[in-house]
Amino acid sequence: MIDIVQQIAAAHRAVELRSGADGESVSILVRRTYDTAIENVWNALTDPDRLRRWFLPVSGEFRVGGRFQVEGMAGGDILHCDPPKLLRVTYGHETSLVEVRLAEDGEATVLELDHTVPLALAGSVAGALYVGPGWDGAVMGLGLYLSGMETDDPVVAANSPEVLEFSSHSISVWESVVKAAGLATDEELVDAVAAAKAQFIPDKS
């Protein structure tokens, strides 16, 4: 059984609007600490055999400059890899950038996942709701796996009633994060919440 309240509380979430040479972009951040060595977390994130045990099957060329494909989802290019601390890839679109950073905290490991897309692609800062709950699920899945709770089929597990309930809570939390940032209109937020529910909890939307 998943302790939904504990899993929601285990992660820190943030959203921001960034300005750069290429214009404005929306960034979401998920941070969580795992009670295991940094090498173990890195290996679980980058070893295809371990990835399929908590996330999804991932194929491709696992090297800088190589392409990867997540089964049934997006693919991208591997832009930077600095074991066991930094992985940067494109995800779904060449301007959609995911950066995973690991840092040691005593015997534990802090993971930061930063997903940044151009504002034009996100539509608004409320677009954080299109990806935030999904990354919440992945970060939780990694935590359960690292704690010894392994599933035979991550896809089936992701559609279980308790994970769908987790996703419902995650959407509410991300709604609060975006609202607190004050960077989206009420209408944008309502539309994004509806889209997130249709994507992540279709049976409840």
Side-chain angles (χ1 to χ4, degrees), residues 2-34 45 55-56 70 73-74 76 87-103 110-144 158-205:
I2 298 172
D3 186 334
I4 293 175
V5 173
Q6 189 276 329
Q7 291 295 333
I8 288 290
H12 167 78
R13 302 160 186 84
V15 61
E16 66 176 330
L17 184 63
R18 297 176 180 172
S19 297
D22 296 326
E24 293 184 311
S25 61
V26 179
S27 174
I28 68 115
L29 174 74
V30 182
R31 181 188 303 117
R32 177 163 172 168
T33 299
Y34 299 107
L45 288 166
F55 183 51
L56 287 167
V70 180
M73 297 186 72
L87 179 66
R88 186 184 301 118
V89 302
T90 63
Y91 194 66
H93 191 276
E94 63 182 7
T95 61
S96 172
L97 303 177
V98 175
E99 183 172 287
V100 179
R101 302 181 290 269
L102 301 181
V110 178
L111 175 148
E112 289 189 340
L113 187 150
D114 188 317
H115 189 171
T116 302
V117 299
L119 180 61
L121 188 62
S124 74
V125 173
L129 278 145
Y130 304 150
V131 297
W135 290 125
D136 268 2
V139 166
M140 177 183 70
L142 176 59
L144 294 176
N159 290 286
S160 67
E162 59 183 348
V163 172
L164 291 176
E165 185 66 24
F166 169 86
S167 295
S168 180
H169 284 270
S170 172
I171 291 169
S172 295
V173 173
W174 277 106
E175 179 183 9
S176 297
V177 169
V178 172
K179 190 172 184 177
L183 298 171
T185 67
D186 290 343
E187 183 178 359
E188 289 170 340
L189 195 52
V190 168
D191 290 345
V193 168
K197 288 181 176 180
Q199 179 180 357
F200 298 110
I201 49 172
D203 292 339
K204 294 186 177 184
S205 60

| query | Nearest heavy-atom pair of Ala192 and Tyr130: which atoms, and what distance? | reply | CA-CE2, 3.9 Å

| Distance (rounded to the nearest 0.5 Å) between Asp191 CG and Asp186 CG | 11.0 Å

| field | Minimum heavy-atom distance Ile4-Glu162, with the two atoms named | value | CD1-O, 3.6 Å

| field | Ile8 side, atom CD1; His169 side, atom NE2 - distance, nearest 0.5 Å | value | 7.0 Å

| message | How close do Leu56 and Met73 get, counting heavy atoms only, and between which atoms? | response | CD1-SD, 3.2 Å

| At their closest point, which heavy atom of Gln7 faces which heavy atom of Phe166, and how far apart are they? | CB-CE1, 3.9 Å

| query | What are the two closest heavy atoms between Ala122 and Val26, and how far apart are they? | reply | CB-CG2, 4.0 Å

| query | Does Leu87 reach the side chain of Leu45, with side-chain heavy atoms less than 4.5 Å apart? | reply | no

| said: When you compare the side chain of Leu29 with that of Arg101, does any pair of heavy atoms fall below 4.5 Å? | reply: yes

| query | How long is the span from the CD atom in Glu16 to the CG atom in Asp114, to the nearest 0.5 Å? | reply | 7.5 Å

| said: Using a 6.0 Å cut-off, check whether atom CD of Glu187 has over 12 heavy atoms from anything other than its own residue. | reply: no

| said: For the backbone of Leu164 and the side chain of Ser168, can you confirm whether one donor and one acceptor N or O come within less than 3.5 Å of each other? | reply: no

| request: Nearest 0.5 Å please: distance from the CG atom of Leu144 over to the CG atom of Asp3. | output: 10.5 Å

| Which atom names give the shortest non-hydrogen contact between Leu183 and Leu17, and what distance separates them? | CD1-N, 3.8 Å

| message | What verdict does the side chain to side chain contact (heavy atoms under 4.5 Å, CB included) test give for Met140 and Ile2, after you've listed the backbone C-alpha separation in whole Å, the side-chain angles of each residue and the deciding distance to 0.1 Å? | response | CA-CA 10 Å; Met140 177 183 70; Ile2 298 172; 4.0 Å; yes

| query | Is the shortest heavy-atom distance from the side chain of Glu188 to the side chain of Val178 under 4.5 Å? | reply | no

| Can you list every pair that meets side chain to side chain donor-acceptor pair (under 3.5 Å) and has a residue in residues 135-144, with sequence neighbours left out? | Arg13-Asp136, His115-Trp135, Asp136-Ser170, Asp136-Trp174

| said: Just verifying a value: how many Å separate Arg32 CZ and Leu111 CG, rounded to the nearest 0.5 Å? | reply: 9.5 Å

| said: Using side-chain heavy atoms (C-beta onward) and a distance below 4.5 Å, is Val117 in contact with Tyr91? | reply: no

| task | Check whether any side-chain heavy atom of Thr90 sits under 4.5 Å from a side-chain heavy atom of Leu97, and report yes or no. | result | yes

| said: As an exercise, state the distance from CG of Leu121 to NE2 of His93, rounded to the nearest 0.5 Å. | reply: 6.0 Å

